[in-house]
Amino acid sequence: MSLHYLIDTYGCQMNEYDSALIASMLEKNGCEPTEDPNEADLFFFNTCSVREKAEESAKARISKMKFYKKRRPWIKFIVTGCMAEHLGPRLIDQVDCIDYVIGPDKYNQIPEILFKHPVIVKKHNVQERVLTGFDIEENYIGEYAKIAHPFSSYVTIQRGCNFRCSYCIVPFVRGREKYRAADDVIYEVEKASERGISEICLLGQTVNAYRNHGTDFADLLVKISEIPGIRRIRFMSPHPRFYTEKLIDVLQSVPEICPHAHIPLQSGSDAILDKMKRRYKVDDFMRILEKFRGKNPDYGLTTDIIAGFVGESDEDFEQTLAAVKEAQFDAAFMFAYSPREGTVSAQETETLSEEQKQERLARLVELQNSITLKRNKLMIGKTEEILVERPSSKDPNEWVGKTGSFKKVVFASKTAKPGDYVKCHINEVRGWTLRGTPVTE
Ligand code: 5AD
Ligand code: SF4
C-alpha cells in the first residue's frame, strides 16, 4: 500500500512552488497525495518566517494536528521551508510532535530520509532529524514541480537574496542568490506548456537579479515568451534596483508579458529607506512607475509596504502616505513591522508600541483601499482579456478571472471554462470587484 502525503503551505509563492517540487519527489517514490488528514501518513508543513505571526500560526497548526498522531502514531510530521531553516533544532524543542526539520536547500534528501534508510525517530536524536544549512550549488536541476493546476504554473528561477535589508530574515533563511540554468527553466516551461499551461509566473526572492552564463532576466523573459502556448508571463518578486532600461523595454515590448509589476516600496521616507538599506530613494522608485504608467495608464502596479518600522517618525509615516497617494498602486500588501531575530533592525529597541504600529497600518490600509477602488472604477467602459480561473462561489453561471494587469473580473457566461481567454467589456465595480460582459466578435 502506498503512503499518502499531505502538504500544508504557508507564506509566499516560492513556498507553493517548493511544495509542488516536494510533491513530485514524493510521487516519484510511490506516494499519493491526499487532503484528508485521517488518511495522510506524511504531513509536510512548508513554513514561512518573514514575520513573527507567520511562525506562530504554523507552530499552532502543527500542534493542533498532533491529534492525528495520537490515533495513528506511525505518521510523520516534517517541517520544511523558512521556519525550518530559521529555528532548526529549536523547533523540535518548541513543538514536540515534529519528526523532521528540513531546510530549503535539503529537499533532495527527503526521499533518502523517508524511504531509503528511514531514520528511526528517537526522541533525543535531534541531529539526525534536523537537516539545515545552505548549499549554493543546490538548484534542484532535473527536479520539476508537480503540475497541479490546469492552466497556470509557478516556476522558480532564482533562490536566496544578496541584499541585506535591515528588517528582513530572508537572507538568513535562504542564503545568497543562486540562479537556475536557463535551459532547465525553459525545459520546465516547455513541459508545462505541453500539459496545457498558458500562464507562467517566474519566481525568485530577487527575481529580476537573475543572471546565468550571459543570460539576464530580460533575456530569459524573451526566451520564455517564444515558447509555443505561453500566453501570459508574470514574475514575483522583483527588487526596484534591478529594473534596468533593458528590462523595462522588454516588459513593454513583449506582448506575452503581463502589464503588471509588483514593485515593493516598503516606505515613502528616504530616511527610513536608508535605514532599511533598500538602496533606492523614493524619487528613483517613482521614476520606475512613471515609465510604466507614462506609456500605459492602465498598467497594473502593486507593492509591499511596512508600517511602523523601528525609528519611523510621524513625519516619515506621513511621507509614506504621500508616496502611496502619488504612486496610485492598484493594490498593496501592507504589514506592521515585526522585528526578526538576527536582523540589524531587530537589535534596535522599537520606538512604537504595537497599538501605534497597528494604528498606522490601519490608516495605510484605508488609504490604499480608497485608491484601489478609484483605480478599479477607471476600468469601467474598457475591454479586457480575462483568463478564466473558476466559477464564482455565489453563482455557478458566473466566472472569475483576471486581466493581464492582475485585476479580478466577474462575468456571466454559459460557455466559459477555466483556462479560457475571454474578452470582456467592463461595466461596473461592485464592492471591489470589476464586473463585465463577454464581447462577441
Ligand atoms: N516586518 C514586517 N514586514 C516584513 N516584510 C519583510 N520583513 C518584514 C518584517 N520584518 C514584508 C516586506 C516584504 C514582504 C514579503 O514582507 O514588505 O516585501
Ligand atoms: Fe516567507 Fe520569505 Fe520564506 Fe517566502 S521566502 S516563505 S515570504 S520568509
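Model, not experiment: these values are computed from the prediction. When a ligand or atom number is given, it counts from 1 through the structure's own listing order. The chain is numbered in sequence order, starting from 1.
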Can you find an N/O atom of Y337 closer than 3.5 Å to an N/O atom of ligand 1?
no

Verify the neighbour count for atom NZ of K382: are there more than 12 heavy atoms of other residues, nucleotides or ligands below 6.0 Å?
yes

Does the pair D274 and R279 meet the rule for a salt bridge (charged side-chain N to carboxylate O under 4.0 Å, His left out), with working shown?
CA-CA 7 Å; D274 189 45; R279 296 166 54 185; over 6 Å; no

Return the option from M334, H262, R51 holding the heavy atom at the smallest distance from atom 5 (N) of ligand 1.
R51

Determine whether more than 12 heavy atoms belonging to other residues, nucleotides or ligands lie under 6.0 Å from atom NZ of K28.
yes

Using a 4.0 Å cutoff against the non-hydrogen atoms of D304, which atoms of ligand 1 qualify?
13 (C), 14 (C), 15 (C), 17 (O), 18 (O)

Contact region, A336 to ligand 1, non-hydrogen atoms below 4.0 Å, reads backbone

Does F217 have its ring centroid less than 6.0 Å away from the ring centroid of F242?
no

Ring centres under 6.0 angstrom apart (H86, F172):
no

Measure the acute angle between the ring planes of Y144 and Y187, then classify it against the limits of 30° and 60° as parallel, tilted or perpendicular.
tilted

Do Q266 and ligand 1 have an N or O pair less than 3.5 Å apart?
yes

Below a 4.0 angstrom heavy-atom separation, can you tell me which part of Y167, side chain or backbone, both or neither, approaches ligand 1?
both

Atoms of ligand 1 less than 4.0 Å from R340 heavy atoms?
10 (N)

